[in-house]
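Step one of this worksheet: look at the structure below.
We number each residue from 1, following the sequence as shown. Ligands are counted one by one from 1 in listed order, and the atoms in each one are counted from 1 as well.
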Amino acid sequence: MKTPPWRRAVIKVGSALIAPDVNGTSSKYLLAIARFIIECRERGQEVVLCSSGSVAAGRKHIETQHDQLPIPVRKAMAAVGQNDMMANWSRFFDFPCAQVLMTHSDLRDRARYVSIRNTLHTLLEHNVLPIVNENDALATDEMKVGDNDNLAAMVATLVDADALFICSDIDGLFDADPRLDPDAKKIPVVDKIDESIFALAGGTTNKNATGGMRTKVEAAEKATSHGIDTYIVNGRKGETFEHLLQGENPGTLFRRQDDPISNKKHWLRHTLVSQGEILVDAGAVDALLQKGASLLSSGIVDVQGDFNRGDAVLVRSAESTEAIAKGICQYSAHELMHIKGQQTSEIAEQFGYSPITEVIHRDDLMILEDV
Ligand SMILES: Nc1ncnc2c1ncn2[C@@H]1O[C@H](COP(=O)(O)OP(=O)(O)O)[C@@H](O)[C@H]1O
Ligand SMILES: N[C@@H](CCC(=O)OP(=O)(O)O)C(=O)O
């Protein structure tokens, strides 16, 4: 069985690979992963890296007698170790890497969600490798995702990835923790994640790691329900990446549910309440309906309602009362009143900075007759 093709992936690398000796970073396992990333990019596939390891890397710099790290010590380790972790990756690449730190509170806030997404898309467009981690140095418990498996799944949804690779120190999901049960057998493919799958997944014995198998299955559940094929693979074995490049599954593949477009359409139509309307001219109607284009400010005639960046809005022709599309708007109603009808270059002159080109990106726009 060949693995499904993909065009954009998030690759999550756990602490067990970044700092296998549990104290400071190591390049031992990263070379094979870096080669994989380089090869994928050469094939035209886009990659976002989600890397753990800041706490493990920081252990080297901050002495402690505690086995269970006090929170301020853990944060300090993350702050100093993040640098080492980034440097450890950067030396493998002759293209630039970008550090992107976030917390769950950033992803919950719509304006910040849109802002992070724009940053990640822009980095990808410019061939920069984004390296994402949780902002452990400042996050409180309420702000955190808490583990990078779930964070990677959220980032995969955020960037509309079609594959998520979780690289760990184990060959995949087994029917029991192989470190505790020598007879445990690997499960190559999971078609549906239910309680019986969660029941197999245990925690971790690694003091730098966070979730064990449980958070990986949670991540797979999140990602597959958004149409993203999810793999758990062993990043300690170089041949893992050879198999992946040949379209073979060396670990456990959790197959995606439904197609992402229908999920997104469903979410847009049924979950998001529109907060206002954007009235557009005939040229914009044509661009949206016939060309599948994004909505630009130049085609906007008027704005109704009071909405914020990241809110859902309806789009309708200024000539009609029927909405033609629904989408997530990158500007507030107030901002749109200033920039409506203008070309992007004019807006840049007016505001003194380059604005986001798309008012509604085509990935966030659903034509209503299709829904
Ligand atoms: N059913 C299972 N199948 C495979 N591994 C499991 C299972 N249950 C628990 N584990 C444990 O999960 C560990 C991987 O998770 P973790 O230590 O958090 O790694 P990472 O740092 O890569 O996130 C494995 O080393 C293994 O001990
Ligand atoms: N954000 C933390 C890692 C959290 C985490 O989930 O670790 P892991 O289980 O090794 O992927 C760090 O950089 O140390």
Would [X] count as being in polar contact with ligand 1, using the rule that some N or O on each side must be under 3.5 angstrom apart?
{"X": "G212", "answer": "yes"}
{"X": "D149", "answer": "no"}
{"X": "L173", "answer": "no"}
{"X": "F174", "answer": "yes"}

Nearest option to [atom], as decided by whichever heavy atom of [options] sits closest:
{"atom": "atom 16 (P) of ligand 1", "options": "T215, D175, T204", "answer": "T204"}
{"atom": "atom 22 (O) of ligand 1", "options": "G211, A19, S168", "answer": "S168"}
{"atom": "atom 5 (N) of ligand 1", "options": "M213, K186, R214", "answer": "M213"}
{"atom": "atom 13 (O) of ligand 2", "options": "D169, L151, N150, N133", "answer": "N133"}
{"atom": "atom 9 (C) of ligand 1", "options": "G203, G53, A201", "answer": "G203"}

>> To the closest 0.5 Å, what do you measure between CG (D147) and CZ (R214)?
In response: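 Those atoms lie 11.0 Å apart.
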
Within-4.5 Å side-chain heavy-atom neighbours: [X] and [Y]:
{"X": "E358", "Y": "R362", "result": "no"}
{"X": "K340", "Y": "S298", "result": "no"}
{"X": "L31", "Y": "F92", "result": "yes"}

Shortest protein contact, [atom] (heavy atom only):
{"atom": "atom 8 (P) of ligand 2", "answer": "S52 OG, 3.5 Å"}
{"atom": "atom 6 (O) of ligand 2", "answer": "N148 N, 2.7 Å"}
{"atom": "atom 23 (O) of ligand 1", "answer": "K216 NZ, 2.6 Å"}
{"atom": "atom 26 (C) of ligand 1", "answer": "D177 OD1, 3.4 Å"}
{"atom": "atom 12 (C) of ligand 2", "answer": "S54 OG, 3.3 Å"}
{"atom": "atom 8 (N) of ligand 1", "answer": "G202 N, 2.9 Å"}
{"atom": "atom 9 (O) of ligand 2", "answer": "T210 N, 2.9 Å"}
{"atom": "atom 2 (C) of ligand 2", "answer": "D136 OD2, 3.3 Å"}

Pairing of [X] and [Y] as salt bridge, 4.0 angstrom limit:
{"X": "R255", "Y": "D229", "result": "no"}
{"X": "E39", "Y": "R43", "result": "yes"}
{"X": "D169", "Y": "R179", "result": "yes"}
{"X": "R7", "Y": "D162", "result": "yes"}
{"X": "K12", "Y": "D149", "result": "yes"}

Taking only heavy atoms of [X], which atoms of ligand 1 are found under 4.0 Å from at least one of them?
{"X": "D169", "value": "14 (C), 24 (C), 25 (O)"}
{"X": "G172", "value": "3 (N), 4 (C)"}
{"X": "S15", "value": "21 (O)"}
{"X": "P178", "value": "3 (N), 4 (C), 5 (N)"}

>> Check the orientation of F93 and F95. Use parallel for under 30°, tilted for 30 to 60°, and perpendicular for over 60°.
In response: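 The arrangement is parallel - the two ring planes meet at less than 30°.
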
> Using the ring of each side chain (for Trp, its six-membered ring), is F241 parallel, tilted or perpendicular to F36, with breaks at 30° and 60°?
Replying inline: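 Because their plane-to-plane angle lies in the 30° to 60° range, the rings of F241 and F36 count as tilted.
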
Would a distance-only check, ignoring hydrogens and angles, find a side-chain to backbone donor-acceptor pair under 3.5 Å from [X] to [Y]?
{"X": "T140", "Y": "L138", "value": "no"}
{"X": "Q246", "Y": "H243", "value": "no"}
{"X": "D311", "Y": "N308", "value": "yes"}

Would you say [X] touches ligand 1, if touching means a heavy atom closer than 4.0 Å?
{"X": "A184", "answer": "no"}
{"X": "G235", "answer": "no"}
{"X": "A16", "answer": "yes"}
{"X": "K12", "answer": "yes"}

> Which ligand 2 atoms does D147 reach within 4.0 Å, using its non-hydrogen atoms?
Replying inline: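 Numbered from 1, ligand 2 contributes 6 (O).
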
> Counting each atom of ligand 2 from 1 as listed, which ones have a heavy atom of G14 under 4.0 Å away?
Replying inline: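 Under 4.0 Å from G14, ligand 2 has these atoms: 10 (O), 11 (O).
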
>> Taking 4.0 Å as the limit for heavy-atom contacts, which would you say applies to V55 with ligand 2: side chain only, backbone only, both, or neither?
In response: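 Both parts.
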
> Quick one: does ligand 2 sit under 4.0 Å from the side chain of K12, the backbone, both or neither, non-hydrogen atoms only?
Replying inline: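 Answer for K12: side chain.
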
Can a donor-acceptor pair be found between the side chains of [X] and [Y] at a distance below 3.5 Å?
{"X": "S332", "Y": "E335", "result": "yes"}
{"X": "H121", "Y": "R117", "result": "no"}
{"X": "N133", "Y": "Q82", "result": "yes"}

>> When you compare ligand 2 with G53, is there at least one nitrogen or oxygen pair between them that comes in under 3.5 angstrom?
In response: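 Yes, at least one N or O pair falls under 3.5 Å.
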
> In this structure, are over 12 heavy atoms from other groups packed under 6.0 Å from L180 atom CG?
Replying inline: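 It does: L180 CG has more than 12 such atoms within range.
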
> Applying a strict 4.0 Å limit to heavy atoms, is A78 in contact with ligand 2?
Replying inline: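 So A78 does not count as touching ligand 2.
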
